[in-house]
J.: 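First, the structure itself, so that you have it in front of you.
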Amino acid sequence: MANTKLLLSDLAASIEYVPSKYVRPMNDRPNLDEVQSSLDGSIPLIDLQGLHALSRSHVIRQIADACQTDGFFQVKNHGIPESVIHGMLSIAKEFFHLSESERLKNYSDDPLKTMRLSTSFNVKTEQVSAWRDFLRLYCYPLEDYIHEWPSNPPSFRDDVAEYSKNVRKLALVLLEAISESLGLERKHIDKALGKHSQQMAINYYPPCPQPELTFGLPSHADPNALTILLQDDVLGLQVLKNGKWVAIHPIPNTFIINIGDQIQVISNDRYKSAVHRVVVNSQKERISIPTFYCPSPEALMGAAPGLIDTHHPALYRKFTYSDYFVKFWNRGLATQSCLDMFKT
């Protein structure tokens, strides 16, 4: 009976072994003893306070270096109050600790729904499942979607809306800085994203009896423009750097920023879409909350004209973001991104 559970979180507590559908092939397992640590400073921590001071040009250079090298960096002094961050993490945990019947009111395996609770990644097409449940929310424009969000816990909509509004402000600051770091007009990426879209996943990774056999999420790059990640204090996120996996140690009240495929396209490959993955552990549940800042579906994506010349021809054909996302979704999570399908 246990295996008929729709959500992993309702199955995980009652099992001593990882069910076969979660077991990765031998050549695609975490190999946790080969992972390096971010405690050596290998993942830059950028102080965004400098963007509003005379040191702006220095911060812009730091962002450029991080985007060129790894597509990944951390930020502090980002302007989002600690109370908003703690409120978001707290309500996320509260939601996943609701009763099974209460949570399942939000369940759907239809990827077109703009609010849904589901499990793994694409349950209809994937061959091996990922060790996570997730609540997916559309967040912008807020007034179009907030009425769809869960009404339980009672403060869920208020807490998540406050967090979403704050993260959108941060996203716009970062898009300006990234545009500037490419030598483009500050609003270039903002305009390139059309009407903009903002989505959030609240990821829940239950303790796993055999974490060496599976992933919370296998390696992949994000299809959107920019991802702003909030995580609790439990290790899990790993980023690929110089061919080695680096475990990102959580720092309270910071965010992880990673460049997605669309900024790689706009930058004409000057900047890298970051490859990352999530591992799980046998002792603790983990919550992570990525905000995916995206072009609107009809936005026409391509390299910025200012980054194309005789020596640097456009590397990608023009495409709409909706076309790109359909290919990403149907293909599933993979170390190689979908970008190759759109090259000139």
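Note: hydrogens, waters and symmetry copies are ignored here, and every other heavy atom, side chains too, is used.
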J.: So if you build clusters from Ile, Leu, Val, Met, Phe, Trp, Tyr with side-chain heavy-atom gaps below 4.5 Å, do L89 and V160 land together?
T.: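 As far as the 4.5 Å side-chain criterion goes, V160 and L89 are connected within one cluster.
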J.: Under a 3.5 Å distance rule, please check whether S38 uses its side chain to pair with a backbone N or O of A247 as donor and acceptor.
T.: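 Here the side-chain-to-backbone pair exists.
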J.: Please lay out, stage by stage, how D133 and R103 fare under the test salt bridge (Lys or Arg N to Asp or Glu O under 4.0 Å).
T.: CA-CA 11 Å; D133 290 337; R103 276 177 287 121; 5.2 Å; no
J.: Does a side-chain heavy-atom distance below 4.5 Å link C294 with L193?
T.: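 Contact flag for C294/L193 side chains = no.
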J.: Does the pair Y22 and L8 meet the rule for a side chain to side chain contact (heavy atoms under 4.5 Å, CB included), with working shown?
T.: CA-CA 10 Å; Y22 293 97; L8 172 66; 3.5 Å; yes
J.: Roughly how far, to the nearest 0.5 Å, is CG of N203 from CZ of R286?
T.: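 It is 8.0 Å, given to the nearest 0.5 Å.
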J.: Which atoms form the tightest heavy-atom contact between C208 and V18, and what is the distance?
T.: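 Scanning both residues, the minimum pair turns out to be SG-CG2, 3.6 Å.
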J.: Near E143 CD, under 6.0 Å, is it more than 12 heavy atoms from other residues, nucleotides or ligands?
T.: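 Count over threshold, so yes.
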J.: Just so I know, are the side chains of D222 and S273 near enough to count as touching, which here means a heavy-atom distance under 4.5 Å?
T.: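 No, side chains not in contact.
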J.: Check for a donor-acceptor pair, side chain of H78 on one end and backbone N or O of V167 on the other, with a separation under 3.5 Å.
T.: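 No: the side chain of H78 does not pair with the backbone of V167.
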J.: At what distance, to the nearest 0.5 angstrom, does CG of L98 lie from CG of L117?
T.: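 L98 atom CG to L117 atom CG measures 10.0 Å (nearest 0.5 Å).
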J.: Indicate the ring-plane relationship of F95 and F156, choosing parallel, tilted or perpendicular according to the 30° and 60° boundaries.
T.: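 Tilted.
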J.: How long is the straight-line distance from CD of Q62 back to CD1 of I46, given to the nearest 0.5 Å?
T.: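 With rounding to 0.5 Å, CD1 (I46) is 5.0 Å from CD (Q62).
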J.: Within this structure, what is the CD-CD1 distance for the pair Q198 and I228, rounded to the nearest 0.5 Å?
T.: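 Answer for the CD-CD1 pair, Q198 versus I228, is 8.0 Å.
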J.: Do the side chain of E185 and the main chain of K187 share a donor and acceptor less than 3.5 angstrom apart?
T.: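 Indeed, once roles are kept as given, a pair shorter than 3.5 Å links the two residues.
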J.: Counting distance only, does the side-chain N/O of R157 pair as donor-acceptor with the main-chain N or O of W149 below 3.5 Å?
T.: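 Looks like yes, one N/O pair under 3.5 Å.
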J.: Is it true that a side-chain atom of S37 and a backbone atom of H249 form a donor plus acceptor pair closer than 3.5 Å?
T.: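 Between the backbone of H249 and the side chain of S37 there is no qualifying donor-acceptor contact (under 3.5 Å).
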J.: For the side chain of D309 and the backbone of H311, is there at least one donor-acceptor N/O pair under 3.5 Å apart?
T.: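 Looks like yes, one N/O pair under 3.5 Å.
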J.: Determine whether Q49 and H52 satisfy the following criterion, side chain to side chain contact (heavy atoms under 4.5 Å, CB included), listing intermediate values before the conclusion.
T.: CA-CA 6 Å; Q49 204 159 17; H52 313 290; 5.6 Å; no
J.: A quick test of your reading: do over 12 heavy atoms of other residues, nucleotides or ligands sit less than 6.0 Å from NZ of K343?
T.: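 More than 12 heavy atoms, drawn from other residues, nucleotides or ligands, come within 6.0 Å of this atom.
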J.: Looking only at non-hydrogen atoms, find the nearest pair between P150 and L137 and report the distance.
T.: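 So the minimum-distance heavy-atom pair works out to CD-CD2, 4.1 Å.
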J.: Grouping I, L, V, M, F, W and Y whenever their side-chain heavy atoms are under 4.5 Å apart, do V75 and I259 come out in a common cluster?
T.: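 Both belong to a single hydrophobic cluster.
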J.: If you look at every heavy atom in Y321 and P223, which pair is closest and at what distance?
T.: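 Between these two residues, the closest heavy atoms are CE1-O, 3.4 Å.
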J.: Are L315 and L184 connected in the hydrophobic side-chain network, where two residues link if heavy atoms are under 4.5 Å apart?
T.: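 L315 and L184: one cluster.
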J.: Angle class for the F255/Y163 ring planes (parallel below 30°, perpendicular above 60°, tilted otherwise)?
T.: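 Tilted, since the angle between the ring planes falls between 30° and 60°.
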J.: Would you say the side chain of I251 lies within less than 4.5 Å of the side chain of K76, judging by non-hydrogen atoms?
T.: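 They are not in side-chain contact.
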J.: How long is the span from the NZ atom in K191 to the OG atom in S179, to the nearest 0.5 Å?
T.: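 Here the rounded value is 9.5 Å.
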J.: Determine, for D232 against K93, whether the closest basic-nitrogen to carboxylate-oxygen distance falls under 4.0 angstrom.
T.: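 Not counted as a salt bridge, because no side-chain N and carboxylate O are separated by less than 4.0 Å.
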J.: Please report the C-alpha distance between L240 and W245 in whole Å, then the side-chain angles of each, then the deciding distance to 0.1 Å, and finally whether the side chain to side chain contact (heavy atoms under 4.5 Å, CB included) criterion is met.
T.: CA-CA 5 Å; L240 192 62; W245 289 106; 3.8 Å; yes
J.: Distance only, no hydrogens: is a donor on one side chain within 3.5 Å (strictly under) of an acceptor on the other, for D158 and S155?
T.: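 D158 vs S155: no donor-acceptor pair found between side chains.
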J.: Looking only at the side chains, is there a donor atom on one of Y316 and D269 sitting less than 3.5 Å from an acceptor on the other?
T.: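 D269 and Y316 do have a side-chain donor-acceptor pair below 3.5 Å.
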J.: Do M301 and I266 come close enough that some side-chain heavy atom pair is under 4.5 Å?
T.: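 The answer is yes, as the side chains (C-beta and beyond) meet within the 4.5 Å cut-off.
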J.: Give a yes or no on whether the backbone of L135 and the side-chain of S118 come within a donor-acceptor separation of less than 3.5 Å.
T.: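 A pair under 3.5 Å: no.
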J.: Does E298, at its CD atom, have more than 12 non-hydrogen atoms belonging to other residues, nucleotides or ligands within less than 6.0 Å?
T.: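 Counting other residues, nucleotides and ligands, CD of E298 exceeds 12 neighbours.
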J.: Could you tell me if Q36 and S42 have a donor-acceptor pair between their side chains, going purely by distance under 3.5 Å?
T.: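 S42 vs Q36: no donor-acceptor pair found between side chains.
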J.: For the pair F328 and F325, name the ring-plane relationship: parallel under 30°, tilted 30 to 60°, perpendicular over 60°.
T.: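 Tilted: the ring planes of F328 and F325 meet at 30° to 60°.
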J.: So do the side chains of E176 and L51 get within less than 4.5 Å of each other, counting heavy atoms only?
T.: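 Heavy-atom side-chain distance check fails, nothing below 4.5 Å.
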J.: If you look at every heavy atom in S219 and V275, which pair is closest and at what distance?
T.: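 Nearest pair, atom of S219 first, then V275: CB-CG1, 4.2 Å.
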J.: Does some side-chain heavy atom of S288 sit less than 4.5 Å from a side-chain heavy atom of L237?
T.: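 No, every pair of side-chain atoms sits at 4.5 Å or beyond.
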J.: Could you go through the side chain to side chain contact (heavy atoms under 4.5 Å, CB included) check for F134 and R116 one step at a time?
T.: CA-CA 8 Å; F134 65 91; R116 68 190 185 105; 3.8 Å; yes
J.: To the nearest 0.5 Å, what is the distance between CD1 on I257 and CG on L170?
T.: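 Atom-to-atom, I257:CD1 and L170:CG are 5.5 Å apart.
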J.: Check whether Y271 and V173 end up in the same hydrophobic cluster, where Ile, Leu, Val, Met, Phe, Trp and Tyr are linked by side-chain heavy atoms less than 4.5 Å apart.
T.: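 Result: yes, single cluster for both.
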J.: If two hydrophobic side chains count as joined below 4.5 Å and joins carry through other members, does I15 share a cluster with V23?
T.: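 Linked within one cluster.
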J.: Check whether any side-chain heavy atom of P81 lies under 4.5 Å from a side-chain heavy atom of N166, and answer yes or no.
T.: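 The answer is yes, as the side chains (C-beta and beyond) meet within the 4.5 Å cut-off.
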J.: Is the side chain of S120 donor-acceptor paired with the backbone N or O of S129 at a distance under 3.5 Å, no angle test?
T.: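 Not at all, since once roles are kept as given, no pair shorter than 3.5 Å links the two residues.
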J.: State whether a side-chain donor-acceptor pair under 3.5 Å links Y204 with E285.
T.: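 Looking only at side-chain atoms, E285 and Y204 do form a donor-acceptor pair, the distance falling under 3.5 Å.
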J.: Do Q238 and L32 come within less than 4.5 Å of each other through their side chains, counting heavy atoms only?
T.: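 Contact flag for Q238/L32 side chains = yes.
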J.: Between Y324 and F342, what is the ring plane arrangement, given parallel below 30°, perpendicular above 60°, and tilted in between?
T.: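 Geometry flag for F342 against Y324: tilted rings.
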J.: Above 12 or not: heavy atoms from other molecules or residues under 6.0 Å from NE2 of H86?
T.: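 It does: H86 NE2 has more than 12 such atoms within range.
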J.: Is the backbone N or O of P30 less than 3.5 Å from a side-chain atom of R277, with the two atoms forming a donor-acceptor pair by type?
T.: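 The answer is yes, because a donor-acceptor pair under 3.5 Å joins these two groups.
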J.: I'd like to know if the side chain of D144 and the backbone of Y140 have a donor-acceptor N/O pair within less than 3.5 Å.
T.: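 Checked: no pair found.
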